[in-house]
Number of protein chains: 4
Amino acid sequence: MAVETHERRRGAPRNEAARLAILRATASLFATRGYDHLTIEGIAAEAGVAKQTIYRWWPSRSALVAEALIEGLLLTGPFDLPDTGDIRADLVAWLEGLFVFLDDPRNNALICSLVAAAAENPEIGLRLNDALGATTLLAERLDAAVAADDLWRDTPVQEIGDAVLGVLVVRALQRTPADPGLPARLVRVLLRDPAGPR
Amino acid sequence: MAVETHERRRGAPRNEAARLAILRATASLFATRGYDHLTIEGIAAEAGVAKQTIYRWWPSRSALVAEALIEGLLLTGPFDLPDTGDIRADLVAWLEGLFVFLDDPRNNALICSLVAAAAENPEIGLRLNDALGATTLLAERLDAAVAADDLWRDTPVQEIGDAVLGVLVVRALQRTPADPGLPARLVRVLLRDPAGPR
Amino acid sequence: MAVETHERRRGAPRNEAARLAILRATASLFATRGYDHLTIEGIAAEAGVAKQTIYRWWPSRSALVAEALIEGLLLTGPFDLPDTGDIRADLVAWLEGLFVFLDDPRNNALICSLVAAAAENPEIGLRLNDALGATTLLAERLDAAVAADDLWRDTPVQEIGDAVLGVLVVRALQRTPADPGLPARLVRVLLRDPAGPR
Amino acid sequence: MAVETHERRRGAPRNEAARLAILRATASLFATRGYDHLTIEGIAAEAGVAKQTIYRWWPSRSALVAEALIEGLLLTGPFDLPDTGDIRADLVAWLEGLFVFLDDPRNNALICSLVAAAAENPEIGLRLNDALGATTLLAERLDAAVAADDLWRDTPVQEIGDAVLGVLVVRALQRTPADPGLPARLVRVLLRDPAGPR
DNA sequence: GGCTAATCGAGACGGTACGTCCCGTCTTTAG
DNA sequence: CTAAAGACGGGACGTACCGTCTCGATTAGCC
């Protein structure tokens, strides 16, 4: 019978309060100052912690950001994806919400900072989908729509998710405000209705 | 007309050799060391130039990168977009080339560095399209295809370009190698053939 | 004709005010806190100077102390060596002054700190003689006394100086207060009068 | 009558093996790395002991050195003081041995390290005499010589010992190699023969 | 030709953050 | 109660760059 022997190490165990304080300080400073300007010393000071305690558990600044992102401390999402039965209308509404979010320069800067962090740490790139809901919410909804025959059977759900996230990232990097028709046009491209106009 | 308004100042004129040496040093160090690790002092040393000469003409590190990008010193492209008459096949071939490019970790790192620089400087984000050919090449080709009735009249060319660039960026940030079918699936999503299977 | 071409280096010249502020801060902190507890960061802060400015010109903490010692910022001396014609009486008086100086714990600590610094940096050891006057004052006086036939012709002046300094150092390290007869006994040993008692 | 007053505490008794390992590690690291560079963590690692075990029994780094010195782990002496009947010749020979010892830079560094430790801890200063034999050996010999009427009755034995030790310390701090005549000149100063030349 | 103004190299400077080392204390498991 | 293990807050280390500045040297236009 597989007893969990769990060979307990000697010495004081890791201080969970310190870990949380560090991640929270990371999130707070990341949001207010951006990824550049985010310093280990600043985090340590904000968290009331010695620098070495950070270096003991995280190999880099970007790893801190990745963990804070995973813990949901960086992006408050999810951005609700409505379910009215019309998959295209729902998607347009969801994208409109995202573009409104991006219109606030502070949010735009937040996304840019996340992208900068992702450029240093692949894990952040991988988690960006989840964090913005492009994977969890969108993929589930698309899968359901495919199952309900609202979309073609061979719809490449993964690629659509990447494209949505990609457009968001690219527009965030360009700091161009979205024009009102953008969400609809995007949906028209990504979920082209076969009965649509030639 | 066209009077030489350029009111000639007194004193020594700007040293073009220094300007070029600086941009070349920027490009070289950017390619080898990445955007983080790119330092003004390093560029000055590599270019055999005083720091002040850099600060005199560029406001920031990212401005240097932007100018080097514009001058075509960072990305050797363009990645040729073939023209066989079949817009979808051409696009698939072009994307395959880009994903092969991204499969080399050094190129992937280069793109990530560019994205990191873009996160600091919107101009770099705007130039990324051009640099990767997503605007110039792709948009022209799509416009031509629309004109030739190979694509719907209302095809949102701009959005497709953003989506293509976005997918490339997102996959670069995730460092995931592309599977062989990806280019075809992407083209199927973005340029859905209305005569395709339901 | 030997013109002093004095090949002038380019770049800003060394800031003499900063140099002095650093040495003065060194002296001040050395006197108040002791050699251990003397930190580069503390000196930089006290002098209102960047750390790098210190590291640019001095290789180590002990080099700072050595230069401060040479500049006469550490020991206020000289401890006057009286000249009444009686070399032995003069020496006794001088030593009494030195032992009174050592009786103050702060002065004792100062000497111990200097010895600690000398243990790291030979130059400090070499300058200790001068700083305490054991070389300049004492040696001159002894030489004069030899010339005046008040001491044997073969009196090893250098060794007497070392012995005097050595006794002071050893007693400082032991923190033993000097008993009143010590100076006289020392002089009796070092400048034994041939007509003295057997 | 020798009652065992040593009120036996509860719990595990002090681990003598650990104590010895710590002192031996102290001595080893002190000899190889010097007093600065001697760290509690280094000693603990070398001795295979927890830091707390050191802090439980010794108040400071210098106390460790003091105890290692007392246990004879730091200086291998004694440097034999020959006894040929001629006190002056014996002393010259003994001093020559000491200066030869000091001529090896590693020994010189060892003495400097001891002096640095003494600057922090008076006890080490007090033990230095014993350790170098300046007290035990020299003082006994001088006392015997006085008793045998080879030296004046009022010879200040203590001061001569301090002077010898002092000269050694000062020359060690100056890192000046001794010239061949130094021991003889020192003995001439310290044990001046009244029948000597004027 | 002298004057003024700008550029350029070199590099000193005050400052910030880096990542590492070690301090002395505390907390846990083991004996 | 001792001991090994090791986490912790703290402080200083020596280094790397930042962006600004002060130099001497050079190169133009202007009187």
Side-chain angles (χ1 to χ4, degrees), chain A residues 7-19 37-45 47-57 59-61, chain B residues 7-15 17-19 37-45 47-57 59-61, chain C residues 7-19 37-45 47-57 59-61, chain D residues 8-15 17-18 37-45 47-57 59-61:
Chain A
E7 174 129 22
R8 194 68 175 72
R9 238 164 59 275
R10 286 202 286 185
R14 178 168 182 182
N15 184 340
E16 178 65 13
R19 178 181 157 274
H37 301 137
L38 181 70
T39 68
I40 300 282
E41 297 212 332
I43 294 169
V49 139
K51 267 200 294 180
Q52 194 54 49
T53 300
I54 296 179
Y55 284 110
R56 195 175 354 256
W57 301 108
S60 67
R61 199 172 56 130
Chain B
E7 173 140 21
R8 197 69 176 70
R9 288 188 326 294
R10 283 198 293 179
R14 179 168 183 184
N15 183 341
R19 178 181 157 273
H37 301 136
L38 182 71
T39 67
I40 301 284
E41 298 212 331
I43 294 169
V49 138
K51 273 199 294 178
Q52 193 55 49
T53 302
I54 297 179
Y55 284 111
R56 202 183 337 264
W57 302 108
S60 67
R61 196 174 58 132
Chain C
E7 177 129 21
R8 191 67 173 69
R9 235 165 62 276
R10 286 204 285 183
R14 179 168 183 182
N15 184 339
E16 178 65 13
R19 178 181 157 272
H37 302 137
L38 182 69
T39 68
I40 301 281
E41 298 212 332
I43 294 169
V49 140
K51 267 201 291 181
Q52 194 55 48
T53 300
I54 297 179
Y55 284 110
R56 191 170 3 252
W57 301 108
S60 67
R61 199 172 56 132
Chain D
R8 194 69 172 71
R9 291 189 322 291
R10 280 196 299 175
R14 178 169 184 184
N15 183 339
H37 302 135
L38 182 71
T39 68
I40 301 285
E41 298 211 332
I43 294 169
V49 138
K51 272 199 295 180
Q52 193 56 48
T53 304
I54 297 178
Y55 284 111
R56 206 185 331 268
W57 302 109
S60 69
R61 193 173 61 131

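Just so you know, these numbers come straight off a predicted model, no measurement behind them. Numbers restart at 1 for each chain; the letters A, B, ... are given by sequence-line order, proteins then strands. Atom set for the values below is all heavy atoms of this structure, side chains included, hydrogens, waters and symmetry mates excluded.
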So, for Ala18(C) and Val49(C), which heavy atoms are closest and what is the spacing to 0.1 Å?
CB-CG2, 4.1 Å
Nucleotide of dA12(E), dT27(F), dT20(F) approaching Pro13(B) most closely (side-chain heavy atoms):
dT27(F)
Length of the line joining Arg14(C):CZ and dG14(E):P, which is rounded to integer Å:
11 Å
Mapping Arg61(A) and Glu16(C) onto DNA chain E by nearest heavy atom, which one lands closer to the 5' end?
Glu16(C)
Arg56(C) has an atom CZ; how far is it from atom P of dT22(F), in whole Å?
15 Å
Separation between CD1 (Ile40(A)) and CD (Gln52(A)), nearest 0.5 Å, reads 11.0 Å
Let me know, please, whether Glu41(B) or Ala47(B) comes out on the 5' side of the other along DNA chain E by nearest nucleotide.
Ala47(B)
Please report the distance, rounded to the nearest Å, between OH in Tyr55(B) and P in dG9(E).
15 Å
Ile54(D) side, atom CD1; Arg61(D) side, atom CZ - distance, nearest 0.5 Å:
12.5 Å
Kindly confirm or rule out a cation-pi arrangement of Arg19(B) over Trp57(B), judged by NZ or CZ under 6.0 Å from the six-membered ring centre and within 45° of its axis?
no
Rounded to the Å, how far apart are Ile43(D) CD1 and dC21(E) P?
18 Å
Contact under 4.0 Å: Trp57(D) side-chain N or O vs dT2(F) OP1/OP2:
no
Round to a whole Å and report the spacing from NE2 of His37(B) to P of dC18(E).
13 Å
Checking dC18(E), dC22(E), dC26(E) against the side chain of Gln52(A) (C-beta onward), the nearest is dC22(E)
Please pick, from dC18(F), dC18(E), dT20(E), the nucleotide with the shortest atom-to-atom distance to any side-chain atom of Lys51(B).
dC18(F)
Nucleotide nearest Arg10(C) (side chain, heavy atoms from C-beta), chosen from dA3(F), dG19(F), dG24(F):
dG24(F)
How many Å lie between CD1 on Ile54(A) and C1' on dA17(E), as a whole number?
13 Å
Which heavy-atom pair separates Ala44(B) from Ala50(B) by the least distance, and what is that distance?
CB-C, 4.3 Å
Find which nucleotide of DNA chain F each of Gly42(C) and Val49(D) is nearest to by heavy atoms, and output the residue with the more 5' nucleotide.
Val49(D)
Ignoring the backbone of Thr53(D), work out which of dA5(E), dC23(E), dA4(F) is nearest its side chain.
dA4(F)
Counting side-chain heavy atoms from CB outward, which of dA12(E), dC18(E), dC8(F) is closest to Ala12(C)?
dA12(E)
Of the options dA4(F), dG6(F), dC18(E), whose atoms approach the side-chain atoms of Ile40(A) most closely?
dC18(E)
